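Below is one structure, written out as structure tokens; comments come after it.
Predicted model, so just to flag it, every value in this text is computed and none were measured.
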Amino acid sequence: TQTVSQSDAHVTVFEGDSVELRCNYSYGGSIYLSWYIQHHGHGLQFLLKYYSGNPVVQGVNGFEAEFSKSDSSFHLRKASVHWSDSAVYFCAVSGVNTGNYKYVFGAGTRLKVIA
Amino acid sequence: EAAVTQSPRSKVAVTGGKVTLSCHQTNNHDYMYWYRQDTGHGLRLIHYSYVADSTEKGDIPDGYKASRPSQENFSLILELASLSQTAVYFCASSEPGEVFFGKGTRLTVV
């Protein structure tokens, strides 16, 4: 069974602070991991993804994520947040084999950035 | 330009009525999905498809049907809408590792 766990439902930080949003997964086999952002009232937009290679991947707007096979984690980070980063962030996992592109999403973490 | 387009963007339906939500993608992707999102919650997969004329059940298919008449189009059908189906519905297409979402359809069943 594929599962994605985002342990923090809500995270609040001040503008300029760093932030880490946590994601842990359970999946057998080779996977893609990805992060998405959803601003209030909008659809989800892609931030970044990981498949192989350098475990630290860079995304849009200064976001990066680090893959850890030993911890089954793919945490999202940003060094200095802006008020516009306030949104809900979703982590997702999917298989890589043809016929197995079913994506499983976490419940989301709501990030609130205080100006 | 939007690559995944949903219509309508919002709809009010009566209990017991039939509702069809439409989705069109210009990404040339094989995989398409329908998710529902309830207020303050994550995404739940209803149906998906990886080839025209074929659909697969997701995690919550009860009360929903899907149709994929072409690679570009994927519809979600509620034959007998119920109050519990009030939610925001997202259509998406995907390539390996990345999902492209539509803007969503807000469905209210009264």
Filtered by a 4.5 Å non-hydrogen cutoff, the part of residues 53-89 of chain B contacting chain A is B/D59
Atom [atom1] in [X], atom [atom2] in [Y]: separation rounded to 0.5 Å?
| X | Y | atom1 | atom2 | result |
| --- | --- | --- | --- | --- |
| B/R44 | B/Q37 | CZ | CD | 10.5 Å |
| B/E98 | A/S34 | CD | OG | 8.0 Å |
| A/R22 | A/T109 | CZ | OG1 | 10.0 Å |
| A/E15 | A/I114 | CD | CD1 | 10.5 Å |
| B/C91 | B/L21 | SG | CG | 9.5 Å |

Quick check on the hydrophobic clustering: are B/F101 and B/Y48 connected, directly or via other members, by side-chain heavy-atom contacts under 4.5 Å?
yes
Examine the side chains of B/S94 and B/Y33 and answer whether a donor and an acceptor come within less than 3.5 Å of each other.
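Side-chain D/A pair, B/S94 to B/Y33: present.
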Just checking, any donor-acceptor pair under 3.5 angstrom between side chains of B/S93 and B/N27?
yes
Examine A/F105 together with B/Y35 and report whether their ring centres are nearer than 6.0 Å.
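Aromatic pair counts; centres sit under 6.0 Å.
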Taking the six-membered ring where the residue is Trp, are the ring centres of A/Y36 and A/F90 under 6.0 Å apart?
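Ring centroids of A/Y36 and A/F90 are no less than 6.0 Å from each other.
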Determine which residues belonging to residues 62-86 of chain A lie within contact range of chain B, meaning some heavy atom pair is under 4.5 Å apart, and list them by number or answer 'none'.
none
What residues of residues 37-55 of chain A sit under 4.5 Å from chain B when only non-hydrogen atoms are counted?
A/Q38, A/H42, A/G43, A/L44, A/F46, A/K49
Can you check side chain to side chain contact (heavy atoms under 4.5 Å, CB included) on B/K103 and B/T105, steps first, answer last?
CA-CA 7 Å; B/K103 294 185 176 182; B/T105 296; over 6 Å; no
Please lay out, stage by stage, how B/V4 and B/C23 fare under the test side chain to side chain contact (heavy atoms under 4.5 Å, CB included).
CA-CA 7 Å; B/V4 179; B/C23 180; 3.6 Å; yes
Report which part of B/F100 has an atom under 4.5 Å of a heavy atom belonging to chain A: side chain, backbone, both, or neither.
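For B/F100, there is no contact with chain A at all, as no heavy atom is under 4.5 Å.
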Any non-hydrogen side-chain atom of A/Y25 less than 4.5 Å from a side-chain atom of A/L33?
yes
I'd like to know which of B/D30, B/L45, B/L43, B/V51 tops the heavy-atom pair count under 4.5 Å against chain A.
B/L43
Checking A/R110 now: which residues fulfil salt bridge (charged side-chain N to carboxylate O under 4.0 Å, His left out) with it, not counting sequence neighbours?
none
